[in-house]
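Written below as structure tokens is the structure these notes are about.
Chain letters run A, B, ... following the sequence lines, proteins first, then strands; residues in each count from 1. Remember, it's a predicted structure, so these values are computed and weren't measured experimentally.
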Protein chains: 2
Amino acid sequence: MSHKRRSSIAAKRQARVPVFAALGDETRLSLVAKLCGGQAHSISQLTEGSNLTRQAITKHLRVLESAGMVRCVRTGRESRFQFDPEPIEGIKEYLDFVSEQWDQALSRLKSFVEN
Amino acid sequence: MSHKRRSSIAAKRQARVPVFAALGDETRLSLVAKLCGGQAHSISQLTEGSNLTRQAITKHLRVLESAGMVRCVRTGRESRFQFDPEPIEGIKEYLDFVSEQWDQALSRLKSFVEN
DNA sequence: CTAATATGCAACTCGGAGGTTGCGTAAAAT
DNA sequence: ATTTTACGCAACCTCCGAGTTGCATATTAG
């Protein structure tokens with residue numbers, strides 16, 4: 001049982017890796033910052049202001065899409081990307097787990113010193 | 001003022017990038033999982049169980065150290081690494097900002113639909 | 001003192017990430 | 001109908017990240 005829970009946590013951890021990796025890039029992080037405002041944007045709109053090529057932005061968007069953080073809907077001649085909050089909620093959950101582990105460790109240390 | 005706040009957010013975002021990048025790797029994520037338990041570990045201890053070389057683990061630890069997520073204290077012939085929660089708190093703050101933006105967008109959409 | 005342990009440093013390989021350019025195509029504008 | 005706009009696809013380049021190996025050094029054990 002304990003073993004089963006351990007591997008489940010490991011599996012969850014593995015699932016978080018692409019999300020963290022997707023956020024580990026300045027360009028993609030700013031794309032997320034724009035898209036989380038709620039409005040969907042086309043590739044051209046997202047390229048505007050960035051000193052990168054449209055193709056570069058497209059690749060970054062595909063990375064975000066693979067991580068599930070963004071969805072693409074093609075309408076007419078333009079494909080608009082919209083934010084999806086689920087993966088970020090997932091990694092927040094994981095980070096809370098890490099923080100909790102750390103806090104419990106501090107508590108154990110404190111009670112050890114006091115006794 | 002609004003411009004000042006914008007650039008401040010951009011600066012904060014840039015500071016978070018190395019932390020996200022550090023977490024965007026399965027090996028490093030499992031190292032964090034071990035170290036956040038509170039106990040400091042030597043490089044050999046952290047290598048044990050991993051099918052990687054000690055040097056590989058060392059490099060990963062240096063990446064985590066550069067991101068400020070871990071600190072190295074050399075004692076005798078071994079260098080022990082201990083967890084530092086500050087950067088993770090930082091990115092949690094950033095992710096909360098993103099979620100808040102998204103929630104506000106949903107609220108605006110909802111009130112728009114209702115009226 | 002000698003052997004074993006724990007680590008650091010440097011060179012090297014290899015694959016993939018980030019980025020560009022060129023070209024082809026569908027859709028919208030004029 | 002023609003031009004412009006918004007894309008997608010593919011080839012290519014460059015550089016860095018991940019990992020290994022080999023060797024040198026300091027510390028601890030016997």
Side-chain angles (χ1 to χ4, degrees), chain A residues 10 13-35 39-83 87, chain B residues 10 13-14 16-35 39-83 87 91:
Chain A
R13 179 174 59 223
Q14 193 166 354
R16 310 309 185 198
V17 170
V19 184
F20 282 121
L23 294 175
D25 179 280
E26 166 70 22
T27 302
R28 288 192 291 266
L29 207 53
S30 69
L31 285 174
V32 168
K34 280 180 196 165
L35 291 175
Q39 201 172 9
H41 292 269
S42 73
I43 297 180
S44 296
Q45 289 173 341
L46 292 170
T47 302
E48 202 168 324
S50 166
N51 50 353
L52 295 183
T53 312
R54 169 182 58 94
Q55 291 301 329
I57 299 294
T58 301
K59 285 192 179 181
H60 284 297
L61 287 170
R62 296 306 171 190
V63 173
L64 290 173
E65 190 181 28
S66 295
M69 311 181 58
V70 97
R71 288 213 314 271
C72 174
V73 179
R74 180 141 198 183
T75 63
R77 69 177 160 181
E78 64 184 1
S79 51
R80 325 193 84 238
F81 284 83
Q82 65 182 57
F83 181 68
Chain B
R13 178 174 61 225
Q14 192 166 356
R16 310 305 186 201
V17 169
V19 183
F20 282 120
L23 293 175
D25 179 279
E26 165 70 24
T27 302
R28 287 194 291 266
L29 207 52
S30 69
L31 285 174
V32 167
K34 280 181 197 166
L35 290 175
Q39 201 171 9
H41 293 269
S42 73
I43 297 180
S44 295
Q45 288 173 342
L46 293 169
T47 302
E48 202 168 326
S50 166
N51 50 353
L52 295 183
T53 312
R54 170 182 59 91
Q55 291 300 330
I57 301 293
T58 301
K59 285 192 179 182
H60 284 298
L61 287 170
R62 296 307 171 190
V63 173
L64 290 172
E65 190 182 26
S66 295
M69 312 180 59
V70 97
R71 287 212 313 271
C72 174
V73 179
R74 180 141 198 183
T75 62
R77 69 176 161 183
E78 65 184 1
S79 51
R80 325 193 84 237
F81 284 82
Q82 64 182 57
F83 181 67
I91 64 174

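For dC7(D), one of the phosphate oxygens OP1 or OP2 lies less than 4.0 angstrom from a side-chain nitrogen or oxygen of Ser44(A). At dA18(D), none of the side-chain N or O atoms of Thr27(B) fall inside 4.0 Å of OP1 or OP2 (strictly under the cut-off).
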Could you give the side-chain donor-acceptor pairs of residues 22-34 of chain A under 3.5 Å, partners two or more places apart or in another chain?
residue: Asp25(A); atom: OD1; partner: Thr27(A); partner atom: N; Å: 2.9
residue: Asp25(A); atom: OD1; partner: Arg28(A); partner atom: N; Å: 3.1
residue: Arg28(A); atom: NE; partner: Ala22(A); partner atom: O; Å: 2.8
residue: Arg28(A); atom: NH1; partner: His60(A); partner atom: ND1; Å: 3.1
residue: Arg28(A); atom: NH2; partner: Ala21(A); partner atom: O; Å: 3.4
residue: Ser30(A); atom: OG; partner: Thr27(A); partner atom: O; Å: 2.7

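For Pro18(A), there are no side chain to side chain contact (heavy atoms under 4.5 Å, CB included) partners two or more places apart in sequence or in a different chain. For Arg62(A), the salt bridge (Lys or Arg N to Asp or Glu O under 4.0 Å) partners two or more places apart in sequence, or in a different chain, are Glu65(A). Partners of Phe20(B) under the ring pair (Phe, Tyr, Trp, His ring centres under 6.0 Å) rule, at least two apart in sequence or in another chain, do not exist in this structure. Among residues two or more places apart in sequence or in another chain, the ring pair (Phe, Tyr, Trp, His ring centres under 6.0 Å) test is passed with Phe83(A) by Trp102(B).
The interatomic distance linking Phe81(B) (CZ) with dT7(C) (C1') rounds to 10 Å, in whole Å. With rounding to whole Å, Arg80(A) atom CZ is found 17 Å from dA27(C) atom P.
Less than 4.0 Å separates DNA chain C from at least one heavy atom of each of the following residues of residues 48-67 of chain A: Leu52(A), Thr53(A), Gln55(A), Ala56(A), Lys59(A), His60(A).
Dense packing is recorded around CD of Gln82(A), with more than 12 heavy atoms of other residues, nucleotides or ligands lying under 6.0 Å away.
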Can you pull every protein N or O that's under 3.5 Å from an N or O on nucleotides 25-30 of chain D?
residue: dT27(D); atom: O2; partner: Arg77(B); partner atom: NH1; Å: 3.3

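Within the structure, salt bridge (Lys or Arg N to Asp or Glu O under 4.0 Å) contacts touching residues 69-80 of chain A (residues at least two apart or in different chains) are Arg71(A)-Asp84(A), Glu78(A)-Arg80(A). Residue pairs meeting the salt bridge (Lys or Arg N to Asp or Glu O under 4.0 Å) criterion with at least one member in residues 15-24 of chain A: none, sequence neighbours excluded.
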